[in-house]
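The chains referred to below are lettered A, B, ... by the order of the sequence lines, with proteins before strands, and numbering in each begins at 1.
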Amino acid sequence: MLQQTPVARVEPIWHEWVRRWPRPSDLAAESPAEIVRAWGKLGYPRRALRLHECAGILARDHGDVVPEDVEQLLALPGIGTYTARAIACFAYGQAVPVVDTNVRRVIARAVRGEAEPGNPSATRDLREATTITPSRDGAVFAAALMELGAVICTARKPDCPRCPLPRCAWVEAGRPAPTGPKRAGQGYAGTDRQVRGRILDVLRGETGPVERSRIDSAWLRDGVQRDRALGSLLSDGLVEQTSDGRFALAGEGGAD
DNA sequence: TAACCGTGGCC
DNA sequence: TGGCCAAGGTT
């Protein structure tokens with residue numbers, strides 16, 4: 001849930017989920033439709049499907065328990081470099097480097113003396129994080145580094161007077177401005193992502209299949225784009241079409 | 001490697 | 001107002 005999503009927005013939904021589905025097998029027993037609906041407007045709804053799929057694998061192959069090993073974690077859907085290490089570190093106390101967007105920024109500044117992390121390089125990120133990760137108290141260290149980036153060493157307005165680090169290469173260099181080319185903004189208005197979001201919002205608001213006209217009303221300006229977005233939702237497994245031609249969240253369209 | 005994948009708050 | 005950004009992952 002926390003992937004590319006602020007903690008404050010995730011927190012209430014996470015509480016609801018662990019209350020409703022305390023074990024992986026509880027989550028796996030739900031329909032994808034119910035999962036996507038409970039995901040609400042957290043964004044990137046494919047994450048919800050991957051989490052659902054992951055829960056099924058944990059229930060079936062891992063005794064309903066999240067594995068401790070980074071390699072095993074990486075093999076699970078929706079779990080990449082960051083998440084695998086975060087679980088190993090925070091849930092199981094392993095002193096493995098945990099590199100998220102905050103840590104990348106802190107290292108870029110404090111260690112390399114650069115204003116911004118630059119292009120992601122998993123290899124370099126992990127190498128640099130490894131050099132500063134202590135062999136003991138790995139979880140405390142990782143949490144502290146992430147928190148430093150989230151609260152003090154922020155992207156827009158770093159609060160250097162409150163920074164606890166004894167020294168920082170970026171400050172010592174006179175806080176130089178970013179050097180590289182500014183990365184292309186994500187963009188959203190008018191993209192397929194926005195259209196997908198509109199369509200999904202219609203389906204989340206219903207308990208069963210809806211007519212094609214309801215889908216069409218979600219995006220009026222461009223029918224080609226609307227069809228493309230709907231097609232991608234179908235191929236992602238977020239939406240399904242019923243035998244009578246209507247559309248629903250996957251798993252609630254009735255038997256097919 | 002780069003493009004794609006949501007949503008909402010902040011300045 | 002609009003661009004930037006957020007506990008990234010997959011293809």
Side-chain angles (χ1 to χ4, degrees), chain A residues 1-14 36-54 70 73-91 96-108 115-126 129 139 141-151 153-159 177-178 180-204 218-219 225 228-239:
Chain A
M1 288 175 168
L2 290 164
Q3 292 165 358
Q4 289 283 285
T5 307
V7 175
R9 196 180 311 165
V10 165
E11 198 173 3
I13 298 181
W14 179 81
V36 170
R37 187 167 284 113
W39 191 261
K41 305 195 77 170
L42 268 187
Y44 293 138
R46 292 190 296 191
R47 295 182 296 168
L49 291 186
R50 293 196 190 108
L51 186 49
H52 186 231
E53 182 188 356
C54 182
V70 169
L73 288 162
L74 283 172
L76 296 167
I79 296 185
T81 305
Y82 161 72
T83 307
R85 291 169 170 279
I87 292 169
C89 178
F90 298 128
V96 298
V98 181
V99 181
D100 75 332
T101 186
N102 294 301
V103 173
R104 294 189 65 237
R105 186 174 51 252
V106 170
I107 290 178
E116 292 178 347
N119 293 329
S121 166
T123 307
R124 183 178 75 170
D125 291 344
L126 283 179
F141 180 80
L145 212 53
M146 290 172 64
E147 204 64 7
L148 177 60
V151 177
C153 193
T154 60
R156 289 176 178 156
K157 198 171 175 298
D159 192 3
K182 51 183 127 179
R183 49 190 190 282
Q186 292 184 21
Y188 183 62
T191 63
D192 286 11
R193 287 154 69 193
Q194 184 180 24
V195 184
R196 285 165 54 102
R198 291 280 185 84
I199 294 172
L200 220 49
D201 204 34
V202 169
L203 296 177
R204 272 195 304 260
W219 193 259
Q225 186 182 30
R228 185 171 63 236
L230 179 57
S232 72
L233 289 170
L234 288 165
S235 72
D236 281 349
L238 284 160
V239 174

Taking the same atom, P, in B/dG6 and in C/dT11, what whole-Å distance lies between them?
-> 14 Å

Side-chain contact test, heavy atoms from C-beta onward, threshold under 4.5 Å: evaluate it for A/Leu148 versus A/Asn102 and give yes or no.
-> no

Closest non-hydrogen atom pair, A/Asp192 against A/Arg228 | OD2-NE, 2.7 Å

Just call it for A/Leu200: base, sugar-phosphate, or nothing, with non-hydrogen atoms closer than 4.0 Å on any strand.
-> nothing

Hey, which sits more toward the 5' end of DNA chain C by its nearest nucleotide, A/Arg105 or A/Pro77?
-> A/Arg105

Salt-bridge present (A/Arg204, A/Asp201; N to O < 4.0 Å) = yes

With a 4.5 Å heavy-atom cut-off, do A/Val195 and A/Leu230 have their side chains touching?
-> no

In whole Å, what separates the C1' atom of C/dA7 from that of B/dA2?
-> 23 Å

Between CD1 of A/Ile199 and P of B/dT7 the distance, given in whole Å, is 11 Å

Is the phosphate of C/dG9, meaning OP1 or OP2, less than 4.0 Å from a side-chain N or O of A/Tyr44?
-> no

Atom OH of A/Tyr188 and atom C1' of C/dC5 are separated, to the nearest Å, by 15 Å

Tell me, which of residues 1-12 of chain A have any heavy atom that sits under 4.0 Å from an atom in DNA chain B?
-> A/Gln4, A/Thr5, A/Arg9

Would you please confirm or rule out a distance under 4.0 Å between OP1 or OP2 of C/dG9 and any side-chain N or O of A/Thr83?
-> yes

Do A/Gln3 and A/Thr83 touch side chain to side chain, with heavy atoms closer than 4.5 Å?
-> yes

Shortest non-hydrogen contact from A/Ala129 to A/Pro97?
-> CB-CB, 3.8 Å

Candidates C/dA7, B/dC5, B/dG6 - which lies nearest the side chain of A/Asp192 = B/dC5

Are any of A/Arg196's side-chain N or O atoms less than 4.0 Å away from OP1 or OP2 of B/dG6?
-> yes

In whole angstroms, the gap separating P of C/dG9 from OH of A/Tyr82 amounts to 8 Å

Roughly how many Å is it from CG in A/Leu233 to P in B/dG6, rounded to a whole number?
-> 7 Å

If only atom types and distance count, is the side chain of A/Arg104 paired as donor or acceptor with the main-chain N or O of A/Asp125 below 3.5 Å?
-> no

NA contact type, A/Gly43, heavy-atom cut-off 4.0 Å: base, sugar-phosphate, or nothing?
-> base

Can you see which heavy atom on A/Asp236 is nearest to which on A/Leu49, and at what distance?
-> O-CD1, 3.4 Å

Spacing of A/Leu51 atom CG relative to B/dG6 atom P, expressed in whole Å | 16 Å

Which part of the nucleic acid, if any, lies within reach of A/Ala86 when heavy atoms closer than 4.0 Å are counted: base, sugar-phosphate only, or nothing?
-> nothing

Does A/Asn119 CG have over 12 foreign heavy atoms under 6.0 Å away?
-> no

Does any non-hydrogen side-chain atom of A/Thr81 lie less than 4.5 Å from one of A/Arg85?
-> yes

Anything under 3.5 Å between a protein N or O and an N or O of nucleotides 1-3 of chain B, put it in a table, one pair a line.
none

Counting side-chain heavy atoms from CB outward, which of C/dA6, B/dC5, B/dT7 is closest to A/Arg204?
-> B/dT7

Whole angstrom value for the distance that separates P of C/dC5 from CD of A/Glu116 = 7 Å

Interatomic distance, A/Arg104 CZ vs C/dA6 C1' [rounded to whole Å] = 14 Å

Round to a whole Å and report the spacing from CD1 of A/Ile79 to C1' of C/dG9.
-> 11 Å

Can you tell me if the side-chain N/O atoms of A/Arg228 get under 4.0 Å from OP1 or OP2 in B/dC4?
-> no

Heavy-atom pair with the smallest gap, counting every atom of A/Ala229 and A/Ser232 | O-OG, 2.7 Å

When we call it a touch if two heavy atoms are under 4.0 Å apart, what does A/Thr81 touch: a base, just sugar-phosphate, or nothing?
-> sugar-phosphate

